[in-house]
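Scroll down for the structure; my scribbles are underneath it.
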Amino acid sequence: MAFHPFISKPNTQAIALSTVVYGLLYFVFIALLKASMAPATLVNTDTGLWGNQLFMAIFGFAQYVVPGLLVGYLAEKSPMMHGYLLGIATTALVYTYASFTYSDNPAQLPTSYTVLYTCFVAGVWCSLGAVIADHLRTHKPEQ
């Protein structure tokens, strides 16, 4: 495996494209959850996909790892750094969306601790995808 420095000049195009892919996956995820919900008028009804732990785990995991795979493949250097920068960008995207969605009720906005924790978790999962993609990109099959 080739040496890749931990820190290098960020490839902003790779991060931007991966953030767009994350945004698309995020909105598909939200649309699927909303479409699966029972009408609000029904009491004690099924929660749709919100209650399906397998769906939530798989799609939640893929939502971060797939853009991480993309950024790791495109960045060519420092896959962990690019994955972590992507995690920060995805967190900023989600909380910007939340601030517009909940602007009428600021009490529902997350605390700074929640934002920092989300940055950490998103960075870890995006970095995992980036490292895997970098390994696959640079791996030469044995002859």
Which atoms form the tightest heavy-atom contact between [X] and [Y], and what is the distance?
X	Y	result
Lys77	His82	O-ND1, 3.0 Å
Gly87	Ala122	O-CB, 3.6 Å
Phe59	Leu25	CE2-O, 3.6 Å
Cys126	Gly83	CB-O, 3.1 Å
Ala75	Ala14	N-CB, 4.1 Å

Starting at [atom1] of [X], measure out to [atom2] of [Y] and round the result to the nearest 0.5 Å.
X	Y	atom1	atom2	value
Leu128	Leu69	CG	CG	8.0 Å
Leu74	Asp134	CG	CG	11.5 Å
Asn11	Met81	CG	CE	8.5 Å

If hydrophobic clusters are built from ILVMFWY residues whose side chains come within less than 4.5 Å, do [X] and [Y] share one?
X	Y	value
Val115	Tyr97	no
Phe27	Val94	yes
Val124	Tyr117	yes
Phe61	Leu136	yes
Leu24	Ile58	no

request  = Please check if atom OH in Tyr73 has more than 12 non-hydrogen atoms from other residues, nucleotides or ligands closer than 6.0 Å.
outcome  = no
inquiry  = Using a 6.0 Å cut-off, check whether atom CE of Met80 has over 12 heavy atoms from anything other than its own residue.
reply    = no
Non-hydrogen side-chain atoms of Thr90 and Pro67 separated by less than 4.5 Å = no
ask   = Would you say the side chain of Met56 lies within less than 4.5 Å of the side chain of Leu33, judging by non-hydrogen atoms?
value = yes
Qualifying residues under side-chain contact (heavy atoms from CB on, under 4.5 Å), relative to Leu93, sequence neighbours excluded = Thr19, Tyr22
ask   = What pairs with Ser127 under side-chain contact (heavy atoms from CB on, under 4.5 Å), at least two apart in sequence or on another chain?
value = Tyr84
query = Hey, is the main chain of Ile15 close enough, under 3.5 Å, to the side chain of Ser18 for a donor-acceptor pair?
reply = no
query = Listed by chain and number, what are the side-chain hydrogen bond (donor to acceptor under 3.5 Å, both in side chains) partners of Tyr95, not counting sequence neighbours?
reply = Thr118
